[in-house]
Amino acid sequence: MNTRTRFAPSPTGHVHIGNMRAAIFNWLYARHTGGKFLLRVEDTDIERSTPEAIKTLLEALDWLGLDIDEEPLYQTTRMEAHLAAAEQLLVAGHAYREDKGGLGQGECIIFKMPGIDMEFHDEIKGTLRKPAADMADFVIVRSNGTPVFHIANVLDDIEQGVTHVIRGDDHVENTFRHIALYQALGAPVPKFAHLPMIINAQGKPYSKRDGDAFIGDFQSKGFLGDTLFNYLALLGWSPGDDREIMTREEMIEAFDLSAVRSSPAQMDLRKLLWMNGEYIRAMKPEDFAALARKELSAAGIDPGLDAEAVFALMQPRTKLTADIVPAVTFFFTEDYEYDEKAVQKKLLKDGAFQTLEKIIEIFQGLENFATETIDKALHEFVEQSGLGFGVVMPPIRIAVSGQPSGPDLAPTLAILGKDTVLARIRRTIEQFG
RNA sequence: GACCCCUUCGUUCAGCGGUUAGGACUCCAGGUUUUCAUCCUGGCAACACGGGUUCGAGUCCCGUAGGGGUCGCCA
């Protein structure tokens with residue numbers, strides 16, 4: 001039997017982090033078993049399932065690198081099949097019509113539960129049971145003639161040949177109903193695996209208020225798709241050893257549903273941030289440069305062709321791609337802002353401007369304005385003046401970058417070039433001195 | 001309320017009857033670095049509680065407590 005898993009979201013315009021983790025686990029399981037990963041778009045909510053919402057969904061999958069193996073199945077195309085199946089259940093005596101008075105539009109079609117105790121083996125939670133008395137019949141076609149989630153979901157899973165239904169914990173109770181449906185329809189029952197919830201920092205399930213529960217937010221905050229994939233894969237699952245930063249191949253190789261924990265997990269943004277830094281540092285320099293260029297271009301800044309040295313300086317110290325632009329802007333424009341606190345603390349201090357005057361003299365005398373010579377000159381000055389690095393360096397940095405901290409100063413100055421450095425120091429003295 | 005599920009450092013993941021209960025993130029201390037970040041070293045920190053079973057329990061069983069899910073003509 002070839003494994004077929006699926007991701008079956010309803011497109012709402014926002015892709016929830018918990019949903020996405022379900023997608024990741026489905027994808028990993030399909031890849032691990034050499035099976036197929038399918039997409040079904042449950043777009044029956046016409047108002048919310050706009051083309052933009054669907055686009056958002058597909059982009060999210062793409063961003064996380066979750067490739068699908070067959071054409072997506074759109075649920076709106078399946079309504080006739082759903083209704084036909086309900087009709088079939090009616091004929092076979094598995095369903096009946098009744099006016100429950102809900103919509104006030106007459107009779108709906110109700111599925112009759114088999115009236116026996118049921119149990120199934122959940123690949124994550126183990127064997128789950130439910131006595132017949134606790135399972136009520138349920139509506140499969142509304143009195144307005146539209147099919148309900150349960151029948152649509154089951155029928156489409158049958159249509160797509162899904163062998164493993166891997167979904168959120170909140171569907172555990174539905175599973176008994178769904179299994180009864182499979183059986184009544186004479187279809188093979190797939191295996192089920194229910195993933196524990198992801199909870200927020202307060203230990204509560206993510207609600208609509210938790211803004212950072214949508215994957216688009218992580219993207220715009222500067223996280224990498226690979227980071228989120230890796231982090232989410234590790235939320236509730238581990239390879240069984242101490243590996244954490246793993247390649248896709250390693251995760252695919254090691255993934256197993258039985259190793260998934262059955263208790264809820266909380267996202268730790270700090271660890272996610274750490275992991276993102278790890279991923280960025282591990283990037284090929286040219287990939288990081290391309291990323292940086294993209295960010296800068298989006299911010300309307302042209303780094304020119306010769307910015308590779310700047311990117312090389314930034315890569316090891318970047319944790320979020322969104323941090324790149326503010327950190328490097330001063331390299332590419334004279335229009336950078338001075339950090340007020342830094343100015344107050346380090347620049348408007350006794351001797352700071354005298355120091356800068358001296359630095360101007362020293363730099364003017366440098367034939368070769370390169371990292372090594374600048375470094376050497378600065379060291380000599382610090383020694384001769386007896387001022388100490390903590391007094392000499394900050395004013396220079398603030399003068400050329402406006403920032404209290406940043407990349408190594410000597411290479412920064414070398415990249416900026418002698419003329420720019422001198423001009424900026426002079427300008428700073430004029431402005432604040 | 002009924003039914004079901006869950007419970008190891010602050011967080012996360014190990015541990016699947018005998019361990020000084022481990023790794024990672026965070027945090028703290030020290031070192032490297034002219035700053036910050038990185039990096040290195042060290043440290044703090046957990047088996048929810050109560051009963052069993054057993055020579056021996058974080059590991060098995062039963063309770064209790066706490067948390068969560070589900071009880072729609074939503075999905």
Side-chain angles (χ1 to χ4, degrees), chain A residues 8-10 12 19 42-45 48 75 98-110 122 124-126 128-131 133-136 138-150 152-153 167-177 194 196-197 199 201 203-205 231 234-245 259 261-275 277-278 280-281 313-319 323 327 342 346 375 378-379 381-382 387-394 396-398 401 403-410 412:
Chain A
S10 22
T12 62
N19 278 128
E42 306 210 326
D43 55 348
T44 49
D45 184 339
R48 297 210 288 175
Q75 196 157 64
E98 187 183 308
D99 184 351
K100 293 177 71 180
L103 253 48
Q105 294 181 44
E107 292 184 322
C108 50
I109 301 178
I110 296 169
D122 187 284
I124 292 172
K125 293 177 171 297
L128 300 173
R129 292 172 236 277
K130 197 137 180 125
D134 290 336
M135 295 181 287
F138 58 96
V139 174
I140 52 176
V141 178
R142 300 184 187 90
S143 52
N144 67 10
T146 58
V148 169
F149 161 76
H150 302 293
N153 191 267
R167 72 214 318 190
D169 229 351
D170 48 332
H171 283 298
V172 170
E173 308 283 330
N174 284 336
T175 304
F176 295 101
R177 295 174 172 148
H194 290 95
M197 310 248 95
I199 54 185
K204 300 286 179 190
Y231 182 80
L234 253 30
L235 215 48
W237 172 75
S238 87
D241 48 42
D242 288 335
R243 284 178 295 167
E244 292 199 313
I245 307 265
R261 283 176 59 94
S262 49
S263 52
Q266 193 172 94
M267 287 208 60
D268 183 352
L269 271 349
R270 290 171 304 189
K271 183 150 189 175
L272 184 66
L273 187 64
W274 162 79
M275 191 177 275
E278 293 290 308
I280 287 175
R281 258 171 269 138
L313 220 46
M314 276 310 296
Q315 180 170 0
R317 49 190 306 111
T318 302
K319 284 197 167 179
D323 290 343
K346 299 288 186 182
D375 205 41
L378 286 171
H379 272 80
F381 174 68
V382 167
L387 286 174
F389 288 107
V391 174
V392 174
M393 308 303 239
I396 306 174
R397 181 185 293 286
I398 294 165
S401 75
Q403 299 297 318
S405 69
D408 288 347
L409 191 55
T412 299

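From a predicted model like this one, the values you see are computed outputs, not experimental measurements. Residue numbers start from 1 in every chain, and the chains themselves are labelled A, B, ... in the order their sequence lines are given, proteins ahead of strands.
Protein atom CG of A/N153 is 10 Å distant from nucleotide atom P of B/A75, rounded to whole Å. At whole-Å resolution of the value, CG in A/L235 and P in B/U12 are 8 Å apart.
Within 4.0 Å of A/G277, counting heavy atoms only, lies no atom of the nucleic acid at all.
The side chain of A/W274 lies closest to B/U26 when the candidates are B/U26, B/U34, B/U12. Candidate nucleotides B/A75, B/A24, B/U35 were compared by shortest atom distance to the side chain of A/H150, and B/A75 ranks first. Distance from the side chain of A/A265 is smallest for B/U12 among the nucleotides B/G69, B/G22, B/U12.
The partner of B/U64 is B/A48, by the rule that a Watson-Crick or G-U pair needs both atom distances under 3.5 Å. Searching all strands for a Watson-Crick or G-U wobble partner of B/C25 with both distances below 3.5 Å returns B/G10. With a cut-off of 3.5 Å on both pairing distances, the Watson-Crick or G-U wobble partner of B/U70 is B/A2.
With A/D122 contributing its side chain and A/H194 its backbone, the two residues share a donor-acceptor pair below 3.5 Å.
The separation of B/U59 from B/C4, taken at their P atoms, amounts to 23 Å, rounded to a whole angstrom. As rounded to the nearest Å, B/U53 and B/C44 have C1' atoms that lie 36 Å from one another. Here the separation of B/A45 from B/C3, taken at their P atoms, is 42 Å to the nearest Å.
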| message | Can you build the contact string for nucleotides 4-10 of chain B? Use B for base contact, S for sugar-phosphate-only contact, and - for no protein heavy atom under 4.0 Å. | response | SSSSB-B

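Atom CZ of residue A/F389 and atom CG of residue A/L409 lie 11.0 Å apart, to the nearest 0.5 angstrom.
OP1 or OP2 of B/G72 has not a single side-chain nitrogen or oxygen of A/K100 nearer than 4.0 Å. Close to B/C39, at under 4.0 Å from its OP1 or OP2, lies a side-chain N or O of A/R281.
Side chains of A/R167 and A/T175: a donor on one and an acceptor on the other come within 3.5 Å.
Residues A/M275 and A/E244 approach most closely at CE-O, 4.4 Å, considering heavy atoms.
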Just the table, please: protein N/O against nucleotides 57-65 of chain B N/O, every pair under 3.5 Å.
none

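Relative orientation of the A/H171 and A/F149 rings is parallel, given thresholds of 30° and 60° on the angle between their planes.
With RNA chain B read from its 5' end, the first of the two nearest nucleotides for A/E107 and A/W237 is the one closest to A/W237. Nearest-nucleotide positions on RNA chain B place A/I199 closer to the 5' end than the other of A/I199 and A/E278.
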